[in-house]
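Written below as structure tokens is the structure these notes are about.
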2 protein chains.
Amino acid sequence: MNRSFSIDSILARKPKRKIGEDRLIRVFLQSANLWRRFHSLGTEMIVTKSGRRMFPTLSVIIAGLDPVKNYVVMVDLECIELKRFRYSFHQSKWISTGPGESELPSRMFVHSDSPARGAHWMRSPVSFDKMKLTNNQLDNNGHIIVNSMHKYRPRVHVIEQDEAKTRHTFSFEETEFIAVTAYQNHRITSLKIESNPFAKGFRECEVQDMAHLQVPANFQSVLPFIFPYFANLAANAEQ
Amino acid sequence: MNRSFSIDSILARKPKRKIGEDRLIRVFLQSANLWRRFHSLGTEMIVTKSGRRMFPTLSVIIAGLDPVKNYVVMVDLECIELKRFRYSFHQSKWISTGPGESELPSRMFVHSDSPARGAHWMRSPVSFDKMKLTNNQLDNNGHIIVNSMHKYRPRVHVIEQDEAKTRHTFSFEETEFIAVTAYQNHRITSLKIESNPFAKGFRECEVQDMAHLQVPANFQSVLPFIFPYFANLAANAEQ
DNA sequence: GACTTTGCACCTAGGTGCAAACCT
DNA sequence: AGGTTTGCACCTAGGTGCAAAGTC
């Protein structure tokens, strides 16, 4: 409703894997182009004690549901290689080091619109922007728990709310990532800064926007007293 | 869930009016004390073209629903006197002037959790903080349309999602207000500023918090060049 | 040495009343 | 003169990577 479809998302390819009963249900990844730019570098996701969002945000377009049937939509993280990783700055790539931590079953992030009718889920993209990752194994805030330096891939589950509770699961190869507490690959850092609006403060100064260097208004009222020279300049300029 | 119950809300009195089939459903007004402080002065709500929230926010605690039955919860505004009002600054009170505009049936603000089970609605207070008022009769954003200088009272509707669609309606006398495009009664303005966190910038300076008068960090780096005197002071202080 | 934690400057996003300008 | 609109300074609320300090 308040979200526009990008050509990007329309063109996003079909899910790579599909588990469960064969149906007409289809799920498309949004911002697939952005996801692929990260994936080609080796996506990293910051993980903190208090919980950190993913960027890019996992968001999908769902099709083929029964408009009047109720569904629950949720996401979990699949640990796709039971290994621990280390970033080799020397080789500029991730290398595996040992067997990795034993994984408990992933927590589920249930989309807050659940349960809702098929018509609702299909009306506009379903975004999981509220989902947060934590490395705190004792987390009490319902965030998704992961092990740092391990590789994961999000899975989207669509569950029919009838007796059968049929589950349809989808995941996208380009959304896999390694959880980190600090970015390892500088190119990932750059791409995050370049593409995440909340990291704008770290972008190379693009000249255009120097507004933030101006003196705030309540300070300006004091300026004539401490800068009589500039005050005179300004007064003259106005004439 | 993320909202605490105040003693205030627990003690809030029962709804004044109840329309519809007799049931055990009960609705309690939250922040009733605050609402009453406004009501005793004559509550005013700002209304704009682009839509303005109400303050206090309408929020209720619902009890007596069937936990597994589905309900839709919504709010509309009842024009409780078909008159136009004017604030007499001379007498410090509202006086009616003429018959008032003819009212179309009020738009409904449907709570975004709808439809949901009784258990959901009863688990935590139901807040209508996303509801906005507009005076634009051609509004296209789904906001509630009102006539300025008219008196309204919000109504909470709880609708059972079965064949009968039984509707239970509740309203609270202390939530009535006059829609305005600019505050008329200065005491209302003061109480809004005092109690709405978003209006903190207009509060009388409580000395404690002068942080906003400080020079921002990126300006500070330039200070030594334009304030050599203070720069020397600072340098000496560090020794 | 290889991570992890913490405080922080700097953003996004959007809710306030104010004052001046604008209507009729 | 009475009511409305608009731009704005000032907030709340919370999402970023950074750098320094902490941990093992």
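To find a chain, count down the sequence lines: A is the first, B the second, and so on, and within it residues start at 1. Note: hydrogens, waters and symmetry copies are ignored here, and every other heavy atom, side chains too, is used.
- Partners of B:K132 by salt bridge (Lys or Arg N to Asp or Glu O under 4.0 Å), not counting sequence neighbours: none found.
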Quick one: side chains of residues 46-55 of chain A, donor-acceptor pairs under 3.5 Å with protein atoms, not counting sequence neighbours, listed by atom name and distance.
{"from": "A:T48", "atom 1": "OG1", "to": "A:G51", "atom 2": "N", "distance (Å)": "3.0"}
{"from": "A:T48", "atom 1": "OG1", "to": "A:G51", "atom 2": "O", "distance (Å)": "3.4"}
{"from": "A:R53", "atom 1": "NE", "to": "A:D129", "atom 2": "O", "distance (Å)": "3.3"}

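- Against DNA chain D, the stretch residues 83-91 of chain A makes no heavy-atom approach under 4.0 Å.
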Reading 5' to 3' through nucleotides 18-24 of chain C, protein heavy-atom contacts under 4.0 Å coded B for base, S for sugar-phosphate only, - for none: S------

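- Of the residues in residues 137-152 of chain A, those with a non-hydrogen atom less than 4.0 angstrom from any atom of DNA chain C are A:S148, A:M149.
- In this entry the distance linking CD1 of B:I46 with P of C:dT16 reads 11 Å, nearest Å.
- Listed by first and then second residue, the salt bridge (charged side-chain N to carboxylate O under 4.0 Å, His left out) pairs involving residues 136-150 of chain A are A:R107-A:D139 (not counting sequence neighbours).
- B:D113 meets the side chain to side chain donor-acceptor pair (under 3.5 Å) test with B:H120; sequence neighbours excluded.
- Applying the salt bridge (charged side-chain N to carboxylate O under 4.0 Å, His left out) test to residues at least two apart or on different chains, the pairs with a partner in residues 175-195 of chain A are A:R37-A:E194, A:R153-A:E176.
- Applying the ring-ring contact (aromatic ring centres under 6.0 Å, His included) test to pairs two or more places apart or on separate chains, those with a residue in residues 122-153 of chain B are B:H111-B:F128.
- Among the heavy atoms of the strands, none lies under 4.0 Å from B:K130.
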Under 3.5 Å between N/O atoms: give me all the protein pairs with nucleotides 5-7 of chain D, atom names plus distance.
{"from": "D:dT5", "atom 1": "OP2", "to": "B:N135", "atom 2": "ND2", "distance (Å)": "2.7"}

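- Between B:E44 atom CD and D:dG3 atom P there is a gap of 11 Å when expressed in whole angstrom units.
- A:S40 is linked by a side chain to side chain contact (heavy atoms under 4.5 Å, CB included) to nothing, counting only residues two or more places apart in sequence or in another chain.
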Protein proximity profile, nucleotides 19-24 of chain D - base contact B, sugar-phosphate-only contact S, no contact -, cut-off 4.0 Å on heavy atoms: ------

